[in-house]
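In what follows, a single structure is set out as structure tokens and then discussed.
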Number of protein chains: 2
Amino acid sequence: MRLQQSQLKTGSRIPSDALQRAWIALGRVSQSVQCDVENRLKKAGFPELSWYTVLWELERAGKPTRPRDLAIPLFIKPYQLSRLVDRMEAEGLVKRIQCKEDGRGHMLEPTPKGFALRKEMWGLYAPAMGEAMKKLSDAEALQLATLLNKLGGIEHVDCADKS
Amino acid sequence: MRLQQSQLKTGSRIPSDALQRAWIALGRVSQSVQCDVENRLKKAGFPELSWYTVLWELERAGKPTRPRDLAIPLFIKPYQLSRLVDRMEAEGLVKRIQCKEDGRGHMLEPTPKGFALRKEMWGLYAPAMGEAMKKLSDAEALQLATLLNKLGGIEHVDCADKS
DNA sequence: GAGGTTTCGTTGCGTTTGCAACAATCTCAG
DNA sequence: CTGAGATTGTTGCAAACGCAACGAAACCTC
């Protein structure tokens, strides 16, 4: 069950030791830092990061945007976004507005309260992120980002299945 | 809201651009590869990775083990593990056996079916992991693991809050 | 423009999660 | 021994999730 040093060919059945180590570290560390930041937000009475992300995506878009145009950067499935928006709308953070070009969908737009919340959250999110990542220098962080992006590919998007 | 190139001092309020990039990449890529592997397992009719991990931890321990001795490597809270074991026990994969030294707890032990399942899962898990990580060379994977471990610290364990 | 296919987004339902409260046992000081 | 406090693990409940099925509009082909 332990490591198999050399693979006969690419895509062989047992990942190398290095790959296994990277895999394990990726799972543990990402969860650890993610939870760390989420916990700080929660402790301060803020909603989860996904709410922030939706608000930020909408704000960055600068105009009412359809759900499917947000889904990709969010890595979530349509029905997840649908319910997320339900909750955010119930809290008065976003509005669904009718979409004239396409009768199926609608546009999403943050309310003033939504803008305000995002900004407020950033006040805590930013330092929390800094805190979670503080063990890396800028150079190391850049190196990490490069490796991760190579691993993931920029395009490799779906969390939904793809076969 | 964009990048702030230089921080006045460590732990400043706005993370550097490099840190932000690393943070984003970490969230996206880890989720992407994790989901990728989980989807392959699910599609083959296997249970989630957490089941594998429990079985593997127990098997590696080589003897009946108490839940609290598994919790740390699993990064999960006691009640999560409790219910996870409920389900696994219901499927006949692990047994709870009475613990003589401590009347509160119990020992966990995989059943033969549990051993068999873990082995069977590895047959798919291993190549799936290799597939998910195939864009990195061994050298890059090692580099990635090193950076991640530095970021997370080996000891920095809890997903539960720690303050 | 009728009928099939695809896309967009939602929903019903059963499962899983998170939180806070809890029982039971252990530990240890006095 | 006794009672305060800590540790171990579970549970009730409400919220959130995953999946598959769905309605509705768009698209496309004939």
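Proteins get letters first, then strands, A, B, ... in listed order; numbering begins at 1 in each.
Among the heavy atoms of the strands lying under 4.0 Å from B:Pro67 are primed sugar atoms or P, OP1, OP2 only; no base atom is included. Residue A:Glu101 is in sugar-phosphate contact alone, with no base atom involved, counting any heavy-atom pair closer than 4.0 Å across all strands shown.
With rounding to whole Å, B:Asn39 atom CG is found 11 Å from D:dG18 atom P. Straight-line distance from the CG atom of A:Leu49 to the P atom of D:dA16: 15 Å, rounded to whole Å. In this structure, the CG atom of A:Asp86 is 10 Å from the C1' atom of C:dG9, given to the nearest Å. When the C1' atom of C:dT16 is taken as reference, atom CD of B:Glu91 falls 14 Å away, rounded to whole Å. For the pair B:Glu48 CD and D:dG18 P, the computed distance is 11 Å after rounding to whole Å. In this structure, CG of A:Leu108 is placed 11 Å from C1' of C:dG9, rounded to the nearest angstrom. The distance from atom CD1 of A:Ile76 to atom P of C:dT10 is 12 Å, rounded to the nearest whole Å. At whole-Å resolution of the value, CG in A:Leu84 and C1' in C:dT10 are 14 Å apart.
Mapped onto DNA chain D by nearest heavy atom, A:Arg104 and A:Tyr79 fall at different nucleotides, with A:Tyr79 at the one closer to the 5' end. Heavy-atom distances to DNA chain D give each of A:Trp51 and A:Lys100 a nearest nucleotide, and the one nearer the 5′ end belongs to A:Trp51. Residues A:Asp102 and B:Arg87 both approach DNA chain C. Their nearest nucleotides, taken by heavy-atom distance, put A:Asp102 toward the 5′ side.
Among the nucleotides C:dT10, D:dC13, D:dT10, the one closest to the side chain of B:Arg96 is D:dT10. Checking C:dT10, D:dC19, C:dG18 against the side-chain heavy atoms of B:Lys42 singles out D:dC19 as nearest. Candidate nucleotides C:dT17, D:dG18, C:dG9 were compared by shortest atom distance to the side chain of A:His106, and C:dG9 ranks first.
By the 4.5 Å heavy-atom criterion applied to side chains, B:Gln34 and A:Trp23 are counted as neighbours.
Taking all atoms of both residues into account, the shortest heavy-atom contact from B:Met129 to A:Pro15 is SD-CG, 3.8 Å.
OP1 or OP2 of D:dG18 sits under 4.0 Å from a side-chain N or O of A:Gln80. The side chain of A:Arg66 contributes no N or O atom lying less than 4.0 Å from OP1 or OP2 of C:dT7. In terms of phosphate contacts, B:Lys77 brings a side-chain nitrogen or oxygen within less than 4.0 Å of OP1 or OP2 of C:dC19.
Side chain of B:Ser30 to main chain of B:Leu26: a donor-acceptor pair is present (N/O by atom type, distance under 3.5 Å, no hydrogens or angles). Checked by atom type and distance alone, the side chain of B:Thr146 pairs as donor or acceptor with a backbone atom of B:Leu142 at under 3.5 Å.
The base of C:dG18 sits within donor-acceptor range of the side chain of B:Arg83, with an N or O pair under 3.5 Å.
Using cut-offs of 30° and 60° for the angle between ring planes, the A:Trp56 and A:Tyr52 rings count as parallel.
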